[in-house]
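Contents: one structure, followed by commentary.
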Number of protein chains: 2
Amino acid sequence: MESFNKATTKENTSRTEQLIEMYLKRLKQCGFRMTNQRRIIIEILLKNLGRHLNVKELLNIAQKEDPTIGIATIYRTVDLLTGLGLLNMINLEEGFSRFEVPDEQMHFHFYCKSCGKVVHLPDEEDKTKTVMQWAQKEGFKLLPQTFELAGICPECINEGVVEEDFCHIKRPICEKRCKKHRRRWRHEN
Amino acid sequence: MESFNKATTKENTSRTEQLIEMYLKRLKQCGFRMTNQRRIIIEILLKNLGRHLNVKELLNIAQKEDPTIGIATIYRTVDLLTGLGLLNMINLEEGFSRFEVPDEQMHFHFYCKSCGKVVHLPDEEDKTKTVMQWAQKEGFKLLPQTFELAGICPECINEGVVEEDFCHIKRPICEKRCKKHRRRWRHEN
DNA sequence: TTAACTGCAAAGAGTTTGCAATATC
DNA sequence: GATATTGCAAACTCTTTGCAGTTAA
């Protein structure tokens, strides 16, 4: 319970509570039942707005509140919320999905391949307009989604990480190194 | 052999051959061995520039030339080529990866969630510049990559497909429908 | 009360890997 | 001849599903 309050400062608490209420109400409106498991998962998601949690992280946190909760419920709940447009699925080519509460229409994430951090780019409304224009010009209709830009963050650049570290392998020996790197971001347990 | 020549018009053949040579040479330069399997896979990739093949498709086509080729070899080869920067991995949230030969630095794909088609947006150089500026402004260094914009294509819009068809589910009964939809793009066999 | 929901365990799908056999340099 | 590479099968990871028991409305 402590652990997922970190991202919530005092002044944000009431806003968070409002959002939670809104989410629960929306579920009910749509004809779904309000179960304890769903409440727990929604609370975790809304109290960790800055983070991009994956299923195992959600499970670990949720089990602190209800140790009997199963991973299938996590999958079914994020599926449900995603289907209702209350959650965005994010893919960083890690071999699994992450999830984020959408607070505007679209998001632009920068994902550091070196340290794994994910940050939001600013001016997401402008960027959204730009991307929508790209699509409209060809007659396409964009669906709400997030965009992931992969690269190296300023901190890692400072530490001397360079593009070549990311698998522009030159010798057989490097093949193993690169594979190991690819797996670095896998779930831990 | 016939099947993967479709995308190659006559005037492109010599260019394709050149590219194949270039790829094989690059492998050798980097200290990797030139095996028959690798040659077959590289030829398939370069003779299907317009398509975005996945591992099973690669395997099926490759086995027409050498029925003994295994799926592990496909995985190891696309890993190798991706690591060398000779191939781009593409993720369309289908549950598996697709691959594309990079002909410039970055790509902008539009992926129709209704019919599954993938097309390239025009003016990729301009769009690349735009996206690089977004990153540079925050001090990030972008790595070469592709961007996937998901939506509905003009043809499907004409056929009456609308945004709501994509899982803004309203009732419990819809949950199953949406799940079925999500699985629609899985591998066939 | 009844239908939606859950947990469990098993199944599925994609991907990786250990190893003996093979092919390349 | 040394060793990088392959095919196979098994293992692994993430995700979905069938079902019996539980719970919300």
Side-chain angles (χ1 to χ4, degrees), chain A residues 24 27-41 54-59 62-63 66-80 82-83 89 91-99 169 171-176 178-189, chain B residues 24 27-41 54-59 62-63 66-80 82-83 89 91-99 169 171-176 178-189:
Chain A
L24 300 182
L27 273 196
K28 208 174 255 181
Q29 280 174 346
C30 296
F32 297 100
R33 289 186 180 171
M34 204 352 57
T35 67
N36 198 42
Q37 292 90 334
R38 285 177 177 166
R39 188 190 51 72
I40 291 173
I41 294 167
N54 60 44
V55 168
K56 285 218 178 140
E57 288 167 344
L58 279 169
L59 181 68
Q63 288 188 332
D66 174 1
T68 71
I69 203 166
I71 200 166
T73 300
I74 309 284
Y75 276 107
R76 288 191 270 235
T77 304
V78 295
D79 251 29
L80 176 61
T82 304
M89 186 186 291
N91 193 298
L92 303 175
E93 319 243 308
E94 298 168 296
F96 52 86
S97 299
R98 295 182 175 278
F99 297 90
I169 48 186
R171 313 233 141 273
I173 188 78
C174 297
E175 187 174 14
K176 269 118 198 168
C178 287
K179 278 204 191 156
K180 217 179 273 167
H181 175 79
R182 280 188 57 185
R183 314 207 87 223
R184 189 135 70 100
W185 308 112
R186 288 270 166 124
H187 281 138
E188 294 81 36
N189 72 6
Chain B
L24 299 182
L27 274 195
K28 207 174 255 181
Q29 281 174 346
C30 295
F32 296 101
R33 289 187 180 171
M34 197 12 29
T35 67
N36 198 42
Q37 292 89 334
R38 284 176 176 165
R39 187 188 52 72
I40 290 173
I41 294 166
N54 61 44
V55 168
K56 285 219 180 141
E57 288 167 342
L58 278 169
L59 181 68
Q63 287 188 334
D66 174 2
T68 71
I69 203 165
I71 200 165
T73 299
I74 308 284
Y75 275 107
R76 288 193 270 234
T77 303
V78 295
D79 251 29
L80 176 61
T82 303
M89 188 187 289
N91 192 300
L92 303 176
E93 318 242 309
E94 298 168 297
F96 53 85
S97 300
R98 294 183 177 275
F99 296 90
I169 49 185
R171 314 235 139 270
I173 188 80
C174 298
E175 187 174 13
K176 269 119 197 167
C178 288
K179 277 205 192 151
K180 215 179 274 168
H181 176 77
R182 281 187 57 187
R183 315 208 86 222
R184 191 137 67 100
W185 309 113
R186 289 268 167 121
H187 281 138
E188 293 82 34
N189 72 3

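Here is how names work: the chains are called A, B, and so on, in the same order as the sequence lines, proteins then strands, and each is numbered from 1.
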Can you tell me if [X] touches the phosphate of [N], counting only side-chain N or O atoms and a distance under 4.0 Å to OP1 or OP2?
{"X": "A:S97", "N": "D:dT15", "answer": "yes"}
{"X": "B:Q37", "N": "D:dG7", "answer": "yes"}
{"X": "A:T35", "N": "C:dT6", "answer": "yes"}
{"X": "A:Y75", "N": "D:dT15", "answer": "yes"}

**Report entry** Whichever of B:A72 and B:N36 has its nearest DNA chain C nucleotide further upstream toward 5'
**Finding:**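 It is B:A72 whose nearest nucleotide is closer to the 5' end.
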
Query - side chain to side chain contact (heavy atoms under 4.5 Å, CB included) between A:N91 and A:E93, worked out - result: CA-CA 6 Å; A:N91 193 298; A:E93 319 243 308; 4.2 Å; yes

Counting side-chain heavy atoms from C-beta on, which of [options] comes nearest to [X]?
{"X": "A:T68", "options": "C:dG7, D:dG7, D:dT3", "value": "C:dG7"}
{"X": "A:T73", "options": "C:dC5, C:dG7, C:dG14", "value": "C:dG7"}
{"X": "B:R33", "options": "C:dA23, D:dG7, D:dA25", "value": "C:dA23"}

Query - Inter-end axis angle, the helix from C:dT1-D:dA25 to C:dC25-D:dG1, with every axis fitted to five base pairs (rounded, 10 degrees) - result: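 One end axis against the other gives 30°.
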
Provide, to the nearest angstrom, the distance between the [atom1] atom belonging to [X] and the [atom2] atom belonging to [N].
{"X": "B:R76", "N": "D:dT6", "atom1": "CZ", "atom2": "C1'", "value": "6 Å"}
{"X": "B:M89", "N": "C:dT15", "atom1": "CE", "atom2": "C1'", "value": "10 Å"}
{"X": "A:I40", "N": "D:dT23", "atom1": "CD1", "atom2": "P", "value": "13 Å"}
{"X": "A:I69", "N": "C:dT6", "atom1": "CD1", "atom2": "C1'", "value": "9 Å"}
{"X": "B:D79", "N": "D:dT5", "atom1": "CG", "atom2": "C1'", "value": "14 Å"}
{"X": "A:L27", "N": "C:dA4", "atom1": "CG", "atom2": "C1'", "value": "13 Å"}
{"X": "A:L92", "N": "D:dC14", "atom1": "CG", "atom2": "P", "value": "14 Å"}
{"X": "A:F96", "N": "C:dT15", "atom1": "CZ", "atom2": "P", "value": "15 Å"}

Query raised in the report: When you look at B:I69 and B:N36, which way does the side chain to side chain contact (heavy atoms under 4.5 Å, CB included) test go after all the steps?
Result: CA-CA 10 Å; B:I69 203 165; B:N36 198 42; over 6 Å; no

Requested in this report: List the atom of A:S97, the atom of A:N54, and the distance in Å for their closest heavy-atom pair.
Outcome: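 For A:S97 and A:N54, the tightest heavy-atom pair comes out as O-CB, 3.3 Å.
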
Requested in this report: Identify the heavy atoms of A:G70 and A:L59 that sit nearest to each other, and give their distance.
Outcome: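 Residues A:G70 and A:L59, closest heavy atoms: C-CD1, 3.8 Å.
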
Query - Under 3.5 Å donor-acceptor, B:R39 side chain and B:L24 backbone - result: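 A pair under 3.5 Å: no.
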
Query raised in the report: Would a distance-only check, ignoring hydrogens and angles, find a side-chain to backbone donor-acceptor pair under 3.5 Å from B:R38 to B:R33?
Result: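 A pair under 3.5 Å: yes.
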
Query raised in the report: Can a donor-acceptor pair under 3.5 Å be found between the side-chain atoms of B:R38 and the base atoms of D:dT5?
Result: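 Per atom types, no contact qualifies.
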
Query raised in the report: In this structure, which one of A:T73, A:D79, A:I74 forms a side-chain contact (heavy atoms from CB on, under 4.5 Å) with A:T77?
Result: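 Considering A:T73, A:D79, A:I74, a side-chain contact (heavy atoms from CB on, under 4.5 Å) with A:T77 is found only for A:T73.
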
